[in-house]
K.L.:
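To start, I am sharing the structure in question, which I have written as structure tokens.
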Amino acid sequence: MNADAIIIGAGACGLMCAVQAGYLGKKVIVLEKNEKPGAKILISGGGRCNYTNQFASAEQFISANPHFIKSAFTQWTVDDTISFFETYGIEGKEKTLGQLFPDDKNAKDVVQVFTSICEDFGQEIRCNADVKTIDIIPEGFKVSYEKNGKTVILTAEKLVIATGGLPIPKMGATDFALRFARKHDLKIVETGPALVPLTITGKDEEWFAQLSGNSVFCEVSNEEISFEENILFTHWGLSGPAILQISSFWRRGKSINLNLLPHQNIFQLLDEERKSNGKTLLSTLLNRFYTKKFTDALGKFLPLNKPVAALTKTEIDLIEQTIHHFKVKPAGDKGYDKAEVMRGGIDTNEISSKTLECKKIPNLFFGGECLDVTGWLGGYNFQWAWASGFVIAQHI
């Protein structure tokens, strides 16, 4: 046996698992396909790494079994994440909505924490290691990988698959975990890109494209959920935090609703303006809330050059509909290249929620993004990765 466990994938979950196993005196070998560990950590938050969220709970996750992650989140809490990083010199600073970023450090420092501890414990991280086969043997698992054209074979009693999901193929993302799961008849919940920009085509395409670069604070909703944050117009459709959030709940053929003025009531604003200065043009009123470019674009739908006192009831209804109930029917999304995470994955019913061990294959563990656990935008997916890595380490 080469180690107590082999961990495939040196992302957030795999690295945390290796470190926590080290604390418990267990020897692991981590196999990473990329040249460096923590590829996705390094690009997260624009290289700053939004490493957790103060409000993380099961409520901000999408899964066919919403209760699945509760056990892991009890075993490893947000406070555990915060104090773990503080111990190694990374102090959290809240940006917005509970998102924690390193105060005076960045994503490289986050990865450095893990690689340093692994070094201290003698945990090996082998990069450029492309796993080719996994065989289940009486003693555990035999893993064969290629590195620099050579084949290397390792054996261990326990195996951890933490290879992530499908987003950002150029960062080395693969369907490794899903392929392995299918091969062994584990159920898969249908996968798709999540936290992903949405595209607009057809007759509305030009209208959205002309606004490229404009950002508007919105409430974005569908019949299931709503989010309040900025949306960003792009030359191919919509992006920005609120759009990424709703994308996880959007399916092709469905519409989303944009409330372009969520904390105001346009009826009231028009009424007050009519009483104080009825000669004010509708465009002047709207320019108080939006860029001139955005107001001008609304001219496609609204009588911008009319004084508010002269607006008819039909026009006021149209203004209310446009400002508070702007319907958008996206054509699609930007795919895994631009998605932050994957929704769906290995069915959590195949996995023990307490240990993250596979029910059908003893001593095999899955953690992180390859499971059917998808967090909102804002550090939630990292919290799941750290928690699942910790939980697995207790049982390998």
Side-chain angles (χ1 to χ4, degrees), residues 53-55 59-60 94-99 195 197-198 200 204 206-235 237-250 254-330 376-378:
N53 194 298
Q54 287 174 308
F55 306 129
E59 305 298 312
Q60 297 88 20
E94 186 184 357
K95 192 179 166 197
T96 51
L97 302 169
Q99 300 171 20
L195 302 183
L198 300 175
I200 308 286
D204 300 322
E206 206 176 302
W207 189 84
F208 282 85
Q210 66 168 337
L211 284 166
S212 187
N214 270 252
S215 184
V216 180
F217 183 79
C218 269
E219 180 192 24
V220 182
S221 61
N222 62 10
E223 56 280 357
E224 211 177 325
I225 199 159
S226 71
F227 294 98
E228 269 190 25
E229 267 188 275
N230 281 351
I231 65 168
L232 175 69
F233 289 84
T234 69
H235 56 276
L238 288 169
S239 188
I243 294 296
L244 297 186
Q245 293 282 36
I246 203 85
S247 72
S248 301
F249 298 86
W250 175 81
K254 298 285 186 187
S255 296
I256 55 174
N257 184 68
L258 308 182
N259 180 349
L260 299 167
L261 209 55
H263 293 182
Q264 309 272 358
N265 181 323
I266 195 71
F267 275 143
Q268 213 176 327
L269 292 169
L270 290 167
D271 192 44
E272 286 164 7
E273 199 63 35
R274 201 166 41 240
K275 286 170 183 163
S276 61
N277 185 5
K279 290 178 184 168
T280 305
L281 298 180
L282 177 60
S283 60
T284 308
L285 177 68
L286 294 179
N287 278 333
R288 293 174 198 165
F289 304 101
Y290 309 117
T291 61
K292 184 178 184 307
K293 190 172 184 182
F294 188 69
T295 300
D296 289 350
L298 289 175
K300 180 183 174 183
F301 316 105
L302 304 178
L304 294 181
N305 297 322
K306 217 170 178 183
V308 294
L311 293 168
T312 65
K313 183 181 182 314
T314 305
E315 286 168 335
I316 289 171
D317 286 344
L318 176 66
I319 295 165
E320 199 272 340
Q321 198 60 28
T322 305
I323 298 298
H324 292 308
H325 308 281
F326 194 98
K327 278 269 180 289
V328 180
K329 193 172 183 181
W376 291 3
L377 184 74

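Here the structure is a predicted model, which is why all the values come from computation and not from measurement. Computation of the quantities below employed the complete heavy-atom set of this structure, encompassing side-chain atoms and omitting hydrogens, waters and symmetry-equivalent molecules.
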K.L.:
Are Phe301 and Trp207 close enough that their ring centers fall under 6.0 Å?
P.N.:
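Ring centroids of Phe301 and Trp207 are less than 6.0 Å from each other.
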K.L.:
Return the CD1 to CG distance between Ile246 and Leu238, rounded to the nearest 0.5 Å.
P.N.:
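The CG atom of Leu238 is 12.0 Å from CD1 of Ile246, to the nearest 0.5 Å.
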K.L.:
Within the structure provided, determine whether Val216 and Leu211 are in side-chain contact (heavy-atom separation under 4.5 Å).
P.N.:
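Not touching, per the 4.5 Å side-chain cut-off.
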K.L.:
Any idea which heavy atoms bring Ile200 and Val328 closest together, and the distance?
P.N.:
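Between these two residues, the closest heavy atoms are CD1-CG1, 3.4 Å.
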K.L.:
Please evaluate residues Arg288 and Glu273 with respect to the criterion side chain to side chain contact (heavy atoms under 4.5 Å, CB included), reporting the C-alpha separation (whole Å), side-chain torsions for both, the decisive distance (0.1 Å), and the verdict.
P.N.:
CA-CA 12 Å; Arg288 293 174 198 165; Glu273 199 63 35; 2.8 Å; yes
K.L.:
What's the shortest heavy-atom distance between Asn53 and Gly378, and which atoms?
P.N.:
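Smallest interatomic distance, heavy atoms only, reads ND2-O, 2.8 Å.
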K.L.:
Measure the spacing between CG of Leu198 and CZ of Phe208 and express it to the nearest 0.5 Å.
P.N.:
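Atom-to-atom, Leu198:CG and Phe208:CZ are 10.5 Å apart.
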K.L.:
Can you see which heavy atom on Ser248 is nearest to which on Leu195, and at what distance?
P.N.:
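Looking at all heavy atoms of both residues, the closest pair is OG-N, 3.4 Å.
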K.L.:
Quick one: CD1 on Ile323 to CD1 on Ile266, what's the gap to the nearest 0.5 Å?
P.N.:
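The CD1 atom of Ile323 sits 5.0 Å away from the CD1 atom of Ile266.
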K.L.:
In Å and rounded to the nearest 0.5 Å, what is the SG to CG distance from Cys218 to Leu261?
P.N.:
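The SG atom of Cys218 sits 9.0 Å away from the CG atom of Leu261.
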K.L.:
Identify the heavy atoms of Ser226 and Glu219 that sit nearest to each other, and give their distance.
P.N.:
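For Ser226 versus Glu219, the nearest heavy atoms are OG-OE2, 3.3 Å.
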K.L.:
Quickly, which of Phe233, Phe289, Phe217 forms a ring-ring contact (aromatic ring centres under 6.0 Å, His included) with Phe294? Name it, please.
P.N.:
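It is Phe233; the other options fail the test.
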K.L.:
Quick one: does Lys275's side chain get under 4.5 Å of Asp271's, heavy atoms only?
P.N.:
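With C-beta onward as the side chain, the pair touches.
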K.L.:
Is the backbone of Leu260 close enough, under 3.5 Å, to the side chain of Tyr290 for a donor and an acceptor to pair up by distance?
P.N.:
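Pair found, side chain donor or acceptor close to backbone of Leu260.
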K.L.:
Just by modelled atom types, is the Ser215 backbone N or O under 3.5 Å from a matching donor or acceptor in the Asn230 side chain?
P.N.:
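No; judged by distance alone, with no hydrogens or angles, the pair does not exist.
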K.L.:
Quick one: does any side-chain atom of Thr295 pair with a main-chain N or O of Thr291 as donor and acceptor, under 3.5 Å?
P.N.:
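Such a contact is found between Thr295 side chain and Thr291 backbone.
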K.L.:
For Lys300, does the NZ atom have more than 12 heavy-atom neighbours from other residues, nucleotides or ligands under 6.0 Å away?
P.N.:
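Yes.
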K.L.:
Just by modelled atom types, is the Leu377 backbone N or O under 3.5 Å from a matching donor or acceptor in the Gln245 side chain?
P.N.:
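Side chain of Gln245 to backbone of Leu377, a donor-acceptor pair under 3.5 Å: yes, one is there.
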K.L.:
Give me the atom names and distance for the closest heavy-atom approach of Leu244 to Pro197.
P.N.:
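Looking at all heavy atoms of both residues, the closest pair is CD2-N, 3.4 Å.
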K.L.:
What verdict does the side chain to side chain contact (heavy atoms under 4.5 Å, CB included) test give for Glu315 and Leu270, after you've listed the backbone C-alpha separation in whole Å, the side-chain angles of each residue and the deciding distance to 0.1 Å?
P.N.:
CA-CA 11 Å; Glu315 286 168 335; Leu270 290 167; over 6 Å; no
K.L.:
Is the backbone N or O of Gln210 less than 3.5 Å from a side-chain atom of Lys293, with the two atoms forming a donor-acceptor pair by type?
P.N.:
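Yes, Lys293 side chain to Gln210 backbone: donor-acceptor pair under 3.5 Å.
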K.L.:
Measure the shortest side-chain to side-chain distance between Ile316 and Arg274 over non-hydrogen atoms and say whether it is less than 4.5 angstrom.
P.N.:
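Sidechains of Arg274 and Ile316: in contact.
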K.L.:
Hey, are the side chains of Ile225 and Trp376 touching, using non-hydrogen atoms and a 4.5 Å cut-off?
P.N.:
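They are in side-chain contact.
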K.L.:
State, to 0.1 Å, how close Leu311 and Pro303 come at their nearest heavy-atom pair, and which atoms those are.
P.N.:
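Looks like CD2-CG, 3.9 Å.
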K.L.:
Does Lys254 NZ have over 12 foreign heavy atoms under 6.0 Å away?
P.N.:
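No, NZ of Lys254 has 12 or fewer neighbouring heavy atoms, counting only those of other groups under 6.0 Å.
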K.L.:
For the atom pair CD1 (Ile243) and CG (Leu258), what is the distance rounded to the nearest 0.5 Å?
P.N.:
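Rounded to the nearest 0.5 Å, the CD1-CG separation comes to 5.5 Å.
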K.L.:
If you count the non-hydrogen atoms of other residues, nucleotides and ligands that lie under 6.0 Å from NZ in Lys327, is the total more than 12?
P.N.:
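Yes, the 6.0 Å shell around NZ holds more than 12 heavy atoms from other groups.
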K.L.:
With a cut-off of 6.0 Å (strictly less than), are more than 12 heavy atoms of other residues, nucleotides or ligands near CD of Glu224?
P.N.:
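Yes, CD of Glu224 has more than 12 neighbouring heavy atoms, counting only those of other groups under 6.0 Å.
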K.L.:
Output the distance between atom CG (Asn265) and atom CD (Glu320), rounded to the nearest 0.5 Å.
P.N.:
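Answer for the CG-CD pair, Asn265 versus Glu320, is 7.0 Å.
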K.L.:
Run the side chain to side chain contact (heavy atoms under 4.5 Å, CB included) check on Phe267 and Asp317 step by step: do they pass?
P.N.:
CA-CA 9 Å; Phe267 275 143; Asp317 286 344; 3.9 Å; yes
K.L.:
Looking at side-chain heavy atoms only, is the closest gap between Lys306 and Leu282 below 4.5 Å?
P.N.:
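Heavy-atom side-chain distance check fails, nothing below 4.5 Å.
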